[in-house]
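Read the structure below first, then the notes.
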Amino acid sequence: MKYFVKVNGHDHEVVLTERLGELLVEVDGEPMDIVYEEVDSLGQVLAITGEGAAFGVSIEGDSQRAGITIAGHFYDIEIEDERERAAHAAARAAGAGGGSVKSVMPGVVVSLLVAEGDEVEEGQPLLVLEAMKMQNEIVAPVAGAVVRIHASEGEAVSAGAKLVDLKAAEEA
Amino acid sequence: MKYFVKVNGHDHEVVLTERLGELLVEVDGEPMDIVYEEVDSLGQVLAITGEGAAFGVSIEGDSQRAGITIAGHFYDIEIEDERERAAHAAARAAGAGGGSVKSVMPGVVVSLLVAEGDEVEEGQPLLVLEAMKMQNEIVAPVAGAVVRIHASEGEAVSAGAKLVDLKAAEEA
Amino acid sequence: MFDRILVANRGEIALRILRTAREMGIETVAVYSDFDQRALHVRMAHQAIALGGELPSESYLVGEKILDAAKRSGAQAIHPGYGFLAENAAFAQAVMDAGLAWIGPPPNAIEVMGDKIISRRAMKDAGVPLVPGLTDAVDDVAEAIAAAEEIGYPVAIKAAAGGGGKGIRIVRDPAEMDTAFRTASGEAVSAFGDGRLYIERYLDQPRHIEIQVLFDAHGDAVHLGERECSIQRRHQKLIEECPSVVIDEEMREKMGEVALQAGHAVKYEGAGTVEFLWSGGEFFFLEMNTRLQVEHPVTEMVTGIDLVREQLRVASGEPLGYGQDAIEMRGHSIEVRINAEDTAAGFVPSVGTVKNLRFPGGAGVRIDSCLYRGMEVGLAYDPMLAKVIVHAHDRDTAIRRMRRVLEELNVSGVRISAPAALAVLEESAFQEGDFDTHFLEALDLSKPHGNEEQLAAAVAAIYRRHRAADRALAVSGAARKGWRERSRAMTSAYSQAAGRPSAGGDA
Amino acid sequence: MFDRILVANRGEIALRILRTAREMGIETVAVYSDFDQRALHVRMAHQAIALGGELPSESYLVGEKILDAAKRSGAQAIHPGYGFLAENAAFAQAVMDAGLAWIGPPPNAIEVMGDKIISRRAMKDAGVPLVPGLTDAVDDVAEAIAAAEEIGYPVAIKAAAGGGGKGIRIVRDPAEMDTAFRTASGEAVSAFGDGRLYIERYLDQPRHIEIQVLFDAHGDAVHLGERECSIQRRHQKLIEECPSVVIDEEMREKMGEVALQAGHAVKYEGAGTVEFLWSGGEFFFLEMNTRLQVEHPVTEMVTGIDLVREQLRVASGEPLGYGQDAIEMRGHSIEVRINAEDTAAGFVPSVGTVKNLRFPGGAGVRIDSCLYRGMEVGLAYDPMLAKVIVHAHDRDTAIRRMRRVLEELNVSGVRISAPAALAVLEESAFQEGDFDTHFLEALDLSKPHGNEEQLAAAVAAIYRRHRAADRALAVSGAARKGWRERSRAMTSAYSQAAGRPSAGGDA
């Protein structure tokens, strides 16, 4: 099985092949010699690669998105297998042409600075979001038109919630 | 439901009664005011009794036998409900008249000091058990006759394994 | 000394205070909101009193509930920790009016130091050096621009009632004043209910250096040297250390003297911190924190003095019993704050349930933490979950030790600030002591700092493959699972037959 | 200094050594038996080399495997920890013959000190005070009785090759000699393959007090004060502290001088411990441990010196660089060993899988542990899982701190020795410093020491009731469980397509 693994935004390909009861591991086209040992059911893994380089690895997440910690550093993981990648590519193609500004953190919308139909510049503040008692301006990532506003003033929003739909100027 | 709970060898009775969705707790005939809150699935419990005395409690074990740690002290628990108590009492009555010396720890039998049929005094060494590299003499708890020897020299035994069956002198 | 004290706080600071009290033979009373029913501070106290309510505003911030809990528990004194009611002069007064001891400075000292404008005026009178600026609030943008011309750009606009970085804006040019003034004022109103702003000079390559002081009720006082807190972002500190590389013995004495002067001016009692901005060998009074601070452990590690113990001794009327000569600083200590936040995405808060938990160990390592497996991390409370503190004979070894410690630490279920701290510790400029308060914001934390991407990719793929195999086996496996493994913890509050209210119920 | 070292050990001591090496910028190589594949020391090292085999005799005790691992990993030196090959002179020689540095004393020093009879003779020649007794082995019971008459009863029979309490018997009367001689001899043969016994006076109310020494390769040496290790059972220590309440500055200097004399007599290098029996102001040489000891952290806490760091410095040829004047003792430190044993049932070993794990935190607490959730505790290896060490400004506070710490500690899945240690710390005689080496054995640990029996009974009943309710719900609940929750961990060792042997395979 081939996996497409984005690690901190960088693409890697991992191929796992079972042969005679052994799992052969290939990363970015090169075979990787690895001992993989799960310590518990909480995502603690021992990995020993090559000539004995040892790593205590912690992994958490679901089948699409995971976080890995190795020696204190965090690796953000997005993973797709071949079938998923094909399915996702088809979905992206179908949905192209629009864009949503999402909340990167949970918080409360303190004030809306634009209205539906407004034309906005890239970097123009769209709304003020308060999280952990700090106020943050959420700005337009591109120039364009405000198609729809999903949040109202005083509303609590969760991380990943759609705030504003924009139609990019070049699409208009 | 009434439970017979032996705590560090001392008998206590706990009655749990559900009334209108609340569990009423009675210990040794007295009502106990208790907040019981399970923190996780690993046996961590918060208990607050009476006027607010708070305890972090750790519990582990199975439905018959458990260990509880409160503020660093360990409580050995044997628990039976009414039905189990009746069943166990019947079993004990049926099996009366014999006694087994059991291994209190896992180890290896280094030497047997008695043979089947021997008469032994209370305190007389029956065998030498080596555990954690220390040799320990296992002695007869009562005077009597050696009915059967379950272990042989060099044999590894687990904790709780029967070593020697004795017939007490007063039963002879 | 007290027989029993109540700790009006939660999290790591509640535990930290409970620990010292226990070690002094003092009984401890914890209070808790409904959200915190399973918290470690509840389980580790002798008594626990429910305050009711999920939010701070319904629990830890409600003075009457705290006072009622103190009365019910028979506590003789209240320790407020930091945050919540710690710098609330009215509450301090109410505690004393209720006949209880307040483990903190006199209400008047809190009040004076709590207002930036009044405190600056008081400090000016006491001869404490201030950052060039106005001691009065500016009323509008025009006044602000006039003031800035007088002081010289760049200037900082700050909320008079502020703290923790809220309501602060830097202005380098008159054109920026309008926006800055409006947003700072709005933030100040929303955060403190007080929109007054004042203006001062903005210093270049400033370092945040603060002096720990201890005053008894008999007029005696000592300072315990400095803490270097320049590794911060939006005035939220991430890494603190003691001593500072830029402070020598002479400078320490000078700053210590000034800090004691500041405290004496407000008749301070107990433990407090005088914060300074340090720039090119000059230092200026910023504010005085009239409470125990988050970063107090680095001072404890280096001086060997237990600050909570000293707070309790002072509050019970004991004299300090030692002078400045008794204070010796040994070795070097560093603290890293473990916050629930995604530092790679601009330090946004991270929420979740703590799953795996592995703390570092070994020599010279101190863990002040409220973390436990199964803990829920939400948005309603402070994101600081733990502090990791190291001590070693010199700064270089302390940095190496902290790197080792952060490499050992593992918390899963929420994102934590440890990788950002590790990135700072790996920077050679930090290692050489060459940094200021802008260091952390200038560091690109979105860029990955680990070098094991291929390994991470391989582990992720194998892990996913194993889970898929598990899922295929799950149906047959479920029947074999024992009765002790459960998918979630259960909760019950039982009251006795006689119908007395449960101790865990609403107070 | 070395670039890379191999640690030929496991458990907490392997981690402890790895930690200091990491902090010194030295790369670390771990070795492990099949049983230890998931162990923390494997996960925390830079490199890990499998030795193969489940038992110590198939792995950590096989010198050739260790040397082969060192060669493969490119390590320049080997640290043996304690136990296993640490006091094996032949192995030390083999390491040196292989061109590697041995982080320990010269083979000859190990050899002389490893034999009780030879070492006593050497110490007698060096003017070190010995317990009245014979320096020669006694061949039979008659000779033993004659020797005992000369020395005076009570006497102790000890194995010449012994250690750790094996092969020791106390004889108070000639009539007891026959049995004692036979069992001691048998135990000595089985434990050490050497049945030789010697006899010495048995001291009343003896305390086990030992001196930590450090020698460099250039003839310089310092002692680091004493450790009080009298809380022991069958010569297995449970609680150690530094300093000892019975040792004043003058006595410390005297014992320190003698300890250095002992080391100089065998041309010692590195860290070592000279053990004394102390009785009524007199002290007598017991033996010298030619390695780092389990209880070394209490000395580190009080002196501020990292003993492993000093071992590495000495082994790499560096001079100590400081004299006796530089050694200052500050405050008081106590260590408790956390063993997997049921102390209520006579300290029998406890086996199982570690489930819950909660370590204490706060100021003055050090955790040296190899514990992790899911760890299997078996019989093949030492039952010591962790050491908890505290430091405080005085002994009274250190005791209170340790009590607080043991109250916070929670390990479930195996029984641990912490409740026994807590029982000792709660005894007023211990608190007053009034104890000897018989204290622990005289304490009735089968008697419960906790006072919350009724609470325990109630919690047990409610817990059981909840589990019964879970069981009733289990079938419907199982389907909802996610793919990440599994009943057991999975293991795989993969090798690459090209067919090179896996690094995790047999060496």
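Values in this document were obtained by computation on a predicted structure and should not be read as measured data. Throughout, a chain's letter reflects where its sequence line sits, starting with A, and its residues are numbered from 1.
Using a 4.0 Å cut-off between a side-chain N of Lys or Arg and a carboxylate O of Asp or Glu, D:E23 and C:R401 qualify as a salt bridge.
Neither the backbone nor the side chain of C:R403 comes within less than 4.5 Å of any heavy atom in chain D. For a residue to count as touching a neighbouring chain, one of its non-hydrogen atoms must lie under 4.5 Å from one of that chain's; by this rule C:M24 touches chain D with the backbone only. Using a 4.5 Å cut-off between heavy atoms, C:D306 contacts chain D through its side chain alone, with no backbone atom that close. Looking at C:L40, the atoms closer than 4.5 Å to chain D (heavy atoms on both sides) all sit in the side chain, from C-beta outward. At a 4.5 Å heavy-atom cutoff, C:E12 makes no contact with chain D through either its backbone or its side chain.
Between the OH atom of D:Y372 and the CG atom of C:N356 there is a distance of 12.5 Å, given to the nearest 0.5 Å. Separation of atoms CD (C:E408) and CE (D:M44) is listed at 4.5 Å; rounding is to 0.5 Å.
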Check the pair C:R366 / D:R366 against side chain to side chain contact (heavy atoms under 4.5 Å, CB included), numbers first and verdict last. CA-CA 7 Å; C:R366 168 176 171 182; D:R366 169 175 170 181; over 6 Å; no

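With contacts defined as side-chain heavy-atom distances shorter than 4.5 Å, the pair D:R309/C:H393 qualifies. Here the side chains of C:R400 and D:R22 are not in contact, with every heavy-atom distance at 4.5 Å or above. Two residues are said to be in side-chain contact when any heavy atoms from C-beta on lie closer than 4.5 Å; D:R358 and C:R373 fail this criterion.
Ranked by heavy-atom pairs shorter than 4.5 Å toward chain D, the options C:M301, C:R19, C:E300, C:K387 are led by C:R19. For the set D:A363, D:S369, D:A386, D:G364, the count of heavy-atom pairs under 4.5 angstrom toward chain C peaks at D:A363. Listed options D:E407, D:R43, D:R330, D:M402 were ranked by heavy-atom pairs under 4.5 angstrom with chain C; first place goes to D:R330.
For CG of D:D394, the number of neighbouring non-hydrogen atoms (other residues, nucleotides, ligands) closer than 6.0 Å is greater than 12.
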